[in-house]
Each structure stands twice: as C-alpha cells, then as structure tokens.
Number of protein chains: 2
Amino acid sequence: MEPIRRQQLIDATMAAIDEVGLGEATIMRIARHAGVSAGIISHYFGGKDGLLEATMRQILTDLSNAVAARRRALKDDSPRAHIGAIIEGNFDRSQVTGPAAKTWLAFWASSMHKPTLQRLQYVNDRRLYANLSYQFRRILPRDEARNAAQGLAAMIDGLWLRGALAPDAFDAEAARYLARSYCDQLLAHHGYTSTTPHA
Amino acid sequence: MEPIRRQQLIDATMAAIDEVGLGEATIMRIARHAGVSAGIISHYFGGKDGLLEATMRQILTDLSNAVAARRRALKDDSPRAHIGAIIEGNFDRSQVTGPAAKTWLAFWASSMHKPTLQRLQYVNDRRLYANLSYQFRRILPRDEARNAAQGLAAMIDGLWLRGALAPDAFDAEAARYLARSYCDQLLAHHGYTSTTPHA
DNA sequence: TTTCATTAATTGAACGTTCAATAAAAAAAT
DNA sequence: ATTTTTTTATTGAACGTTCAATTAATGAAA
C-alpha cells in the first residue's frame, strides 16, 4: 500500500501546484486531489516538506531517466549525437508543458531559500554541465568546450522556462530546433561538420 | 511623504524576498525591514497584493530603463550594436545578482497563477522579443529573424536564471560574452560580418 | 484479536486586514 | 506670535481565517 500511496500523493502534489501554485498548494488540497485525507501525508512523508522534497526528487529522476534512455539508444557515438540526445531528453521531461514543468519552476524559485531543494537542484545542474562539457571537449579546446556547455545549458533552461510560463504559446519542436541549431553552430565554429544535418 | 514611504516599502519587499523568499515574506517582516508598522502597507498599497504588484512593476521599469539608456547612448546604429545594448541592459537589471534578481524569479514563478503578474510579465516578454526581432530582421530573412530573436531571448533568460539561482558562482561578464557570441553567430550565419569583434 | 491503514476532529500558531486612537504637521484664526 | 482647528501619517491591538500537525477514533485485513 505504501508505494501506491506515495506515488498518488506525489502526483497529486504536481497536480495541485499546476493548478494553484506552490503557495496555495495546501496539504488538504493535495490530499483531496489524491482522494485521501490530509493526515496521511504526515504518515507517509513525515510532513509537508517531506512530500515536497520527494516530489522534486521524482521530477529530477524522471529527467535523468529520459536523458539516459535516449543516450543508450544511440547508434552514433559522435559528440553531436550525444548532445542531441541530452537536448531531446531535457525537452521530454515528462512533457515540458503541463504539471511537471510548473512544479519544476516552482521548486526552482523555492530552492533559493531551502537548502534541501537547493542541493538537489545543484547536483542536477552539475550533471547536465558535466555531460555537455565532456562531449564538447571531444572536439573543442578546453575553454571553448566550457563556454559551449554553459551556453547550451543556459539555452535549454531558458527555453524550458518559457515552456513552463506560457504552455499554450510554447512550441516544443521549435525549442528543440533552436537548441540543436545552437549546438551545431558551436561545433561548426571549430571545423567540425555534422554528418546528418538536422531536419 | 507618500512617495518616500512607497519606495521604502518596495525596497523592503525586495530585501525580504531576497532574505527568505516570497512565501515567507510576510507583511510584518517587510514592514520591519522598512522600519514602519504593518498597517501602513494596507494604507499605501491597499494590501499585500498591491505592494507585490508595485514591486514587480518597479523591477520591470528599471529593466526597461536600463535597456533604453544604453540604446540611446549608441553611436553605431547597426543591428549588432542595438542587440548588444539590449544584452547589456538585460544583464544590468539593477545587478543580475542580488535582491532584484531573486525577487524577479520569485515573481516569475508566481505569475503562473496570478493574472495581474502574468500580464506584466507577458508585456515585458513581448517587448524584448519585438525589439530583438526587429533588429535581426534588418539582416536576416523573416523566419531566421524570428528564430534568432526567440533563441537569444531564451538564452538571456536562461543565463539570468542561473544568476538568480547561484549568485556566488555567477560570472556576469561570462554571461554577457556568451550572449554576444551567440548573437554574432546568428548574424554571421547569413553573411553579416561584425565591424568590431567583441573582446 | 492484533496490526495496519485511514479518517475526522482538534489544536495552536501565524497570517492579512481592519480600525480606533494617537502623534505630528499644516492651516486657519485670533 | 500664539492658539485653535483640521488634516495627514502612523501605530498597535483585535478579529476572523487558514494552515500544518497531532490525536484519538474507525475500519479493514491477517
């Protein structure tokens, strides 16, 4: 029963944050979304903070899995292919629009003042940077690779931020195209030519 | 007396949000920061929401002014110069790190669920896009210009988001360099050569 | 019956708002 | 100039509401 309830409550948390924002996402509202009583949250997560932390953890895990799966499925081992997979994985993110995205942004803002969330967010950020940096380094000199990784990471965050903010106006395909184009420009800048130009 | 108090309270709001986040920024804490009593907030702003809206308005005005001032000071009327001024202005933003930045991000998240803030944020976003788009259009074909504007806008947001999140690790100069490099790549992509390469 | 899962009622703290009272400043009258 | 009146600025306490957490009671399963 425990794993079922935990998942229900995590999903309900995202739904509630998507609906009214983190500030108004009370334990009663979350519990109502999950179809259970409020007390059960303290029982399974020790309190509201525990539930919020578990929810952020799940989002990060989902993101990590989405990237890893696409990289595992690669036939091409080129840096461009790996970076492409990272981009695709980040824009999957259990739908860039929708509950997960708004929840992510809410946690992002909240992590500025909650050490626990900040740590999670930091680890995730470093992983993205390390992965990008490593792949760029296979082609670009050290400083160039470092800049490229930071630039692309910023662009991914920025595009996704816009997705969370205006889900209706957001075109996920256009976002992926922009990120890949930027990646290609970064690589081309140092003599690398892509084998298969993106559509 | 009124304009003085209003400014004090707006500054105190940013200080409080910088300190403990939007969720914990109570009117008592804000009032204490300003050295006045809590009741005065309702007197001058009609309530907490009024104060928050006024604070966001001020941040947007400051940003708008920072960009406008740099564009007015341009000697060169080239698209590249204008876009450069927009970048510089956006990374001024009354210091990308510090209270204003955290307040901005807090409002950004909050605007997903508060129509008033959403409207302010939307107008600001459209102005950035329109300005960038117009300048790119002077050199690039329509679709290319549209993509370039969206890409650069996303990169600016992404870089700045990272500044708000990790003020200590953030290098404003590096951020400006990344944005300008990206801009140059976008322009160079269609035969345009910059007159003065950035340092 | 004993244990596990859940609920519903309750508690105390914290919140934003309101309001009557006060203090300070300005204006008017003497 | 001095006093009186009016306006403005501000306070601090009280109110009603809402929240997260806790507790005791209830139901189901083993």
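In what follows, chains are A, B, ... by sequence order, proteins preceding strands, each numbered from 1.
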J.: Sugar-phosphate atoms are those with a prime plus P, OP1 and OP2; base atoms are the rest. Using that split, label each nucleotide of nucleotides 25-30 of chain D B, S or - for protein heavy atoms under 4.0 Å, 5' to 3'.
T.: ------
J.: Output every pair passing side-chain hydrogen bond (donor to acceptor under 3.5 Å, both in side chains) with a member in residues 161-171 of chain A, not counting sequence neighbours, ordered by first then second residue.
T.: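 Output for this query lists Arg162(A)-Asp125(B), Arg162(A)-Asp157(B).
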J.: For Gln135(A) and Asn131(A), test the side chains for any donor-to-acceptor distance below 3.5 angstrom and give the result as yes or no.
T.: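 Short answer, no.
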J.: Under the rule for ring pair (Phe, Tyr, Trp, His ring centres under 6.0 Å), what residues qualify as partners of Phe136(A), not counting sequence neighbours?
T.: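 Not a single residue meets the ring pair (Phe, Tyr, Trp, His ring centres under 6.0 Å) criterion with Phe136(A).
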J.: In a table with atom names and distances, give each donor-acceptor pair under 3.5 Å that connects a side chain of residues 22-46 of chain B to protein atoms at least two apart or in another chain.
T.:
unit_1: Thr26(B); atom_1: OG1; unit_2: Arg29(B); atom_2: N; d: 3.2
unit_1: His33(B); atom_1: NE2; unit_2: Glu19(B); atom_2: OE1; d: 2.7
unit_1: Ser37(B); atom_1: OG; unit_2: Gly39(B); atom_2: N; d: 3.4

J.: Return the residues of residues 38-53 of chain B meeting this criterion: a heavy atom under 4.0 Å from some atom of DNA chain D. Order them by number, or give none.
T.: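 The answer is Gly39(B), Ile40(B), His43(B), Tyr44(B).
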J.: Got a sec, which residues hit side-chain hydrogen bond (donor to acceptor under 3.5 Å, both in side chains) with Arg146(A), two or more places apart in sequence or on another chain?
T.: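 Listed in chain order: nothing, the list is empty.
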J.: Is it the case that the side chains of Asp77(A) and His82(A) hold a donor-acceptor pair, with the cut-off being a distance below 3.5 Å and no angle test?
T.: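 Looking only at side-chain atoms, Asp77(A) and His82(A) do form a donor-acceptor pair, the distance falling under 3.5 Å.
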J.: Output, in order, the C-alpha distance, side-chain angles, deciding distance and verdict of ring-ring contact (aromatic ring centres under 6.0 Å, His included) for Trp108(B) and Trp108(A).
T.: CA-CA 11 Å; Trp108(B) 221 337; Trp108(A) 220 337; 9.9 Å; no
J.: Report all side-chain donor-acceptor pairs from residues 112-122 of chain A shorter than 3.5 Å, counting only partners two or more places apart or in another chain.
T.:
unit_1: His113(A); atom_1: NE2; unit_2: Ile17(B); atom_2: O; d: 3.2
unit_1: His113(A); atom_1: NE2; unit_2: Gly21(B); atom_2: N; d: 3.3

J.: Taking side-chain hydrogen bond (donor to acceptor under 3.5 Å, both in side chains) as the test, write out the residues that go with Arg126(A), two or more places apart.
T.: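 side-chain hydrogen bond (donor to acceptor under 3.5 Å, both in side chains) list for Arg126(A), sorted by chain: empty.
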J.: Is DNA chain D part of any stem, that is, at least 3 consecutive Watson-Crick or G-U pairs with both distances under 3.5 Å, and where?
T.: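 Stem segments, range with range: C:1-30 with D:1-30.
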J.: If the condition is side-chain contact (heavy atoms from CB on, under 4.5 Å), which residues does Arg142(B) pass it with, not counting sequence neighbours?
T.: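 Arg142(B) satisfies side-chain contact (heavy atoms from CB on, under 4.5 Å) with Arg137(B) once adjacent residues are dropped.
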J.: By a strict heavy-atom criterion of less than 4.0 Å, which residues belonging to residues 4-33 of chain B are in contact with DNA chain C?
T.: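 Those residues are Thr26(B), Ile27(B).
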J.: Taking the side chain as every heavy atom from C-beta outward, state whether Leu152(A) and Ile87(A) have any atom pair closer than 4.5 Å.
T.: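 Yes, at least one pair of side-chain atoms sits under 4.5 Å.
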J.: Excluding sequence neighbours, so at least two apart, what forms ring pair (Phe, Tyr, Trp, His ring centres under 6.0 Å) with Phe107(B)?
T.: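 Ring pair (Phe, Tyr, Trp, His ring centres under 6.0 Å) check on Phe107(B) returns nothing, list empty.
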